[in-house]
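First the proteins, then the strands, lettered A, B, ... as listed; each starts at 1.
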Amino acid sequence: AQKITQTQPGMFVQEKEAVTLDCTYDTSDPSYGLFWYKQPSSGEMIFLIYQGSYDQQNATEGRYSLNFQKARKSANLVISASQLGDSAMYFCAMRGKSRYNTNAGKSTFGDGTTLTVKP
Amino acid sequence: KAGVTQTPRYLIKTRGQQVTLSCSPISGHRSVSWYQQTPGQGLQFLFEYFSETQRNKGNFPGRFSGRQFSNSRSEMNVSTLELGDSALYLCASSLAGTGEEELFFGSGTQLSVL
């Protein structure tokens with residue numbers, strides 16, 4: 001079974017500062033993908049960043065980076081230079097990677113972290 | 001390229017009725033998955049379809065069912081609606097549903113059961 005834990009229900013950050021959103025996971029799959037999504041108040045989920053379980057380097061996408069620590073089973077999202085438009089709910093998710101893995105088509109999501117950026 | 005389209009955007013039903021939600025994936029995407037989002041339970045996986053076959057199913061009662069057509073469009077059906085079925089239902093598509101593909105989500109269908 002897969003499980004994602006996000007322990008921060010809400011976070012506040014000052015505009016232009018960096019913020020880290022925590023995510024820990026548990027899985028028995030040998031190969032998996034980790035994702036972060038953003039959900040603004042409008043409701044639509046937006047993909048931010050992906051990290052493969054065998055990737056040697058941490059993923060980066062513009063102001064987003066993923067701090068991947070496999071041994072600790074953590075995949076924290078770091079947002080640098082926060083902007084007011086970053087205020088949203090953020091979800092950590094994972095998928096099993098093998099085509100023959102029963103979890104391959106299923107994404108497991110954490111409960112989310114609501115980020116509020118203060119001006 | 002058009003995004004994932006979900007219809008209708010809003011639905012109001014009464015207990016005991018049934019409802020059908022529709023999802024058109026991005027052109028070329030063959031995997032469609034459905035999620036139920038509620039404030040108390042977060043995002044819960046319902047099922048995933050690939051090439052008209054249900055490949056994975058979450059822990060929902062049999063009242064929740066779905067199907068996928070040859071053009072990859074998918075429908076989700078909920079029979080005998082209960083108050084607890086009130087939720088935002090999100091559909092997502094990806095090319096092949098593998099673990100390295102991100103999901104592209106629709107805007108969702110907000111279902112209210114009275």
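Residues A:P30 and A:Y54 share a closest heavy-atom pair of O-OH, 2.9 Å.
Residues of residues 13-22 of chain B having a heavy atom under 4.5 Å from any heavy atom of chain A: none. Contacts between residues 65-75 of chain B and chain A, counted as heavy-atom pairs separated by less than 4.5 Å, involve no residue at all. Of all residues in residues 101-114 of chain B, those placing a non-hydrogen atom less than 4.5 angstrom from a non-hydrogen atom of chain A are B:E101, B:E102, B:L103, B:F105, B:G106, B:S107.
Although no hydrogens or angles enter the test, the distance criterion places no donor-acceptor pair under 3.5 Å between the side chain of A:R95 and the main chain of A:S107. A donor-acceptor contact shorter than 3.5 Å links the side chain of A:T113 to the backbone of A:Q8. Looking only at distances, no side-chain donor or acceptor of B:Q44 sits under 3.5 Å from a matching main-chain atom of B:F60. Looking only at distances, a side-chain donor or acceptor of B:Q6 sits under 3.5 Å from a matching main-chain atom of B:C91.
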Inset, instruction - Kindly indicate, with the supporting measurements, whether the criterion side chain to side chain contact (heavy atoms under 4.5 Å, CB included) is fulfilled by B:Y35 and A:F109. - result: CA-CA 10 Å; B:Y35 298 84; A:F109 287 80; 3.7 Å; yes
Inset, instruction - Show your working on side chain to side chain contact (heavy atoms under 4.5 Å, CB included) between B:F45 and B:S33 and close with a plain yes or no. - result: CA-CA 8 Å; B:F45 171 77; B:S33 52; 4.2 Å; yes
Inset, instruction - Check the pair B:R63, B:D85 against side chain to side chain contact (heavy atoms under 4.5 Å, CB included), reporting the backbone distance first and the verdict last. - result: CA-CA 10 Å; B:R63 301 185 296 108; B:D85 297 334; 2.8 Å; yes
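A:D86 pairs with exactly one of A:R63, A:K16, A:K118 by the salt bridge (charged side-chain N to carboxylate O under 4.0 Å, His left out) rule, that one being A:R63.
No more than 12 heavy atoms of other residues, nucleotides or ligands lie within 6.0 Å of CD1 in B:I12, so this atom counts as exposed by the packing criterion.
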Going by atom type alone, with no hydrogens or angles, which donor-acceptor pairs under 3.5 Å involve a side-chain atom of residues 68-75 of chain A and a protein atom two or more places apart or on another chain?
residue: A:K70; atom: NZ; partner: A:S53; partner atom: O; Å: 3.0
residue: A:K73; atom: NZ; partner: A:D26; partner atom: OD1; Å: 3.1

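You'll find the side chain of A:L77 stays beyond 4.5 Å of the side chain of A:C23, heavy atoms only. Contact of the A:P40 side chain with the A:I46 side chain is registered, since non-hydrogen atoms from C-beta on lie closer than 4.5 Å. The shortest distance between side-chain heavy atoms of A:L48 and A:I79 does not fall below 4.5 Å.
Heavy-atom distances place no part of A:Q6 under 4.5 Å from chain B, backbone and side chain included. In this structure, chain A has no heavy atom under 4.5 Å from any part of B:L46. Residue contact with chain B, scored on non-hydrogen atoms closer than 4.5 Å, is absent for A:T108. Contact annotation for B:Y49: neither backbone nor side-chain heavy atoms come within less than 4.5 Å of a heavy atom of chain A. B:L88 touches chain A through its side chain: at least one heavy atom from C-beta onward sits under 4.5 Å away, while N, CA, C and O do not.
For A:K106 and B:E48, the salt-bridge test fails: no basic side-chain N is under 4.0 Å from an acidic carboxylate O.
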